[in-house]
There are 2 protein chains.
Amino acid sequence: MKDLVSRCPIEEVMQVLSGRWPTLLIYYLQDGTKRFGDLRRDNPTISHKMLTVELRKLVDAGIVQRTEFEGYPLRVEYDLTPEGRKLVPLIDALADWWDATDGVRRPAGAAVDRVST
Amino acid sequence: MKDLVSRCPIEEVMQVLSGRWPTLLIYYLQDGTKRFGDLRRDNPTISHKMLTVELRKLVDAGIVQRTEFEGYPLRVEYDLTPEGRKLVPLIDALADWWDATDGVRRPAGAAVDRVST
DNA sequence: CGGAATCCGCAATGATACTG
DNA sequence: CAGTATCATTGCGGATTCCG
């Protein structure tokens, strides 16, 4: 999803939240401050690279706060920003909607509604 | 994004809404019934194939209702389902959040917060 | 430990042609 | 008009390596 095709905010938010990881990372950051390694453990299947890439995206979007401490070994902490915390209930609402509509979904390409003119 | 890595509903909704088109299609379907060609005109840059693929995804998720009429030329209409309409305000909330946080975003990789231990 | 840079395979997407 | 099928292309995302 390289660039935008419309200028509506809808497409712009989705540019940030799309994909498997952004919402999951926000979800895990609800618990409080996390270090890079913590987030890797929370999401065992995310690759090292993806985690850095996705975190940077969230930082640039103002959703996550990155704090880098000096010294060895390196230490970096991630937190939700105030803006990011406002986003949490919205994501939760989507999750709730999903659960509530559980019965409506089709196995994928089931019956087709056909109507005579 | 082939399969799920967690069973939380958050990842499951995003599986459906992720990408450039799903939310845009839902947005355009707010106006009421649309035919295939209408949606193509609403989204000039979406390819024929992508439109069918994405629409099918939304239909399978119970968000969009597909109605096929017989006769020539072929005619198919798309509507939001009741469930789909419930989704609209949630997407709008995300868009509003995005607009409200406009000032917080960085140009992409700007300053870094560094703290001495 | 956290991150940047590189290479690379595979899935997603686009273009085209064909069908009912 | 709407959709399917096929093939070509893109680019995401994983593995690996090197750096502070």
Side-chain angles (χ1 to χ4, degrees), chain A residues 1-5 14-22 24-25 29 33-60 64-79 108-109 112-117, chain B residues 1-5 11 14-22 24-25 33-60 64-79 108-117:
Chain A
M1 201 163 52
K2 292 281 283 193
D3 31 82
L4 299 169
V5 299
M14 293 314 293
Q15 185 109 4
V16 175
L17 298 183
S18 270
R20 178 187 285 132
W21 305 117
L24 283 181
L25 293 179
L29 282 171
T33 302
K34 298 261 186 174
R35 298 186 50 179
F36 189 87
D38 295 330
L39 291 168
R40 286 216 66 179
R41 277 183 288 280
D42 288 335
N43 304 276
T45 66
I46 195 173
S47 72
H48 189 100
K49 176 190 174 183
M50 274 298 98
L51 185 51
T52 63
V53 169
E54 297 294 313
L55 279 174
R56 169 178 294 277
K57 197 167 68 169
L58 293 176
V59 169
D60 292 341
V64 167
Q65 157 95 39
R66 191 191 118 108
T67 313
E68 185 176 326
F69 297 86
E70 297 186 352
Y72 287 91
L74 235 53
R75 186 169 137 237
V76 179
E77 293 187 347
Y78 292 93
D79 282 286
V112 173
D113 307 297
R114 187 180 294 257
V115 177
S116 347
T117 37
Chain B
M1 202 162 53
K2 293 278 288 193
D3 30 84
L4 299 170
V5 297
E11 190 183 348
M14 292 315 294
Q15 185 111 5
V16 176
L17 298 184
S18 270
R20 176 188 285 131
W21 305 117
L24 284 180
L25 292 179
T33 301
K34 298 258 187 177
R35 299 183 53 177
F36 189 87
D38 295 330
L39 291 168
R40 286 217 65 181
R41 277 181 289 280
D42 287 335
N43 304 276
T45 68
I46 195 174
S47 73
H48 188 105
K49 179 184 172 187
M50 273 299 96
L51 184 53
T52 63
V53 169
E54 297 294 313
L55 279 174
R56 172 179 293 277
K57 198 168 67 169
L58 293 175
V59 169
D60 292 341
V64 167
Q65 156 95 40
R66 191 191 115 111
T67 313
E68 184 177 327
F69 297 86
E70 296 186 350
Y72 289 91
L74 236 53
R75 186 169 137 235
V76 179
E77 291 186 347
Y78 292 93
D79 282 285
V112 172
D113 306 298
R114 188 180 293 259
V115 177
S116 348
T117 37

Between [X] ([atom1]) and [N] ([atom2]), how many Å, whole number?
{"X": "A:Met50", "N": "C:dA5", "atom1": "CE", "atom2": "C1'", "result": "13 Å"}
{"X": "A:Phe69", "N": "C:dG3", "atom1": "CZ", "atom2": "P", "result": "13 Å"}
{"X": "A:Glu70", "N": "C:dG2", "atom1": "CD", "atom2": "P", "result": "16 Å"}
{"X": "B:Leu51", "N": "D:dA2", "atom1": "CG", "atom2": "P", "result": "9 Å"}
{"X": "B:Phe36", "N": "C:dT19", "atom1": "CZ", "atom2": "C1'", "result": "15 Å"}
{"X": "A:Asp38", "N": "C:dC1", "atom1": "CG", "atom2": "P", "result": "11 Å"}
{"X": "A:Leu58", "N": "C:dG3", "atom1": "CG", "atom2": "P", "result": "13 Å"}
{"X": "A:Glu68", "N": "D:dG20", "atom1": "CD", "atom2": "C1'", "result": "10 Å"}

Worked verdict on A:Phe36 versus A:Arg66 for side-chain contact (heavy atoms from CB on, under 4.5 Å): CA-CA 10 Å; A:Phe36 189 87; A:Arg66 191 191 118 108; over 6 Å; no
Between [X] and [N], is there a contact of a side-chain N or O with OP1 or OP2 at under 4.0 Å?
{"X": "A:Arg35", "N": "C:dC1", "result": "no"}
{"X": "A:Arg66", "N": "C:dG2", "result": "no"}
{"X": "B:Arg40", "N": "D:dC1", "result": "no"}
{"X": "A:Tyr78", "N": "C:dC1", "result": "no"}

For [X] against [Y], the heavy-atom pair lying closest together:
{"X": "B:Glu68", "Y": "B:Val76", "value": "CG-CG2, 4.0 Å"}
{"X": "B:Lys57", "Y": "B:Pro22", "value": "NZ-CG, 4.0 Å"}
{"X": "A:Gly19", "Y": "B:Ser18", "value": "N-OG, 2.7 Å"}

Rounded to 10°, tell me the angle between the two end axes of the helix from C:dC1-D:dG20 to C:dG20-D:dC1, each built from five pairs. 40°
Counterpart residues, side chain to side chain donor-acceptor pair (under 3.5 Å), relative to A:Thr52 (two or more places apart): none
Intermediate values then yes/no, side-chain contact (heavy atoms from CB on, under 4.5 Å), B:Trp21 and A:Met14: CA-CA 9 Å; B:Trp21 305 117; A:Met14 293 314 293; over 6 Å; no
Which one, C:dG14, D:dG14, D:dG3, comes nearest to the side chain of B:Ser47? C:dG14
In terms of side-chain heavy atoms of B:Thr52, which of D:dT4, D:dG13, C:dA15 is nearest? D:dT4
Of B:Lys49 and B:Arg41, whose nearest nucleotide on DNA chain D comes first from the 5' end? B:Arg41
Of A:Glu54 and A:Tyr72, whose nearest nucleotide on DNA chain D comes first from the 5' end? A:Glu54
If each of A:His48 and B:Leu74 is mapped to the nucleotide of DNA chain C with the nearest heavy atom, which maps nearer the 5' terminus, i.e. the 5' end? A:His48
For B:Lys34, enumerate each residue passing the side chain to side chain contact (heavy atoms under 4.5 Å, CB included) test, keeping only those at least two apart in sequence or located in another chain. B:Leu29, B:Asp31, B:Asp38, B:Leu39, B:Asp42
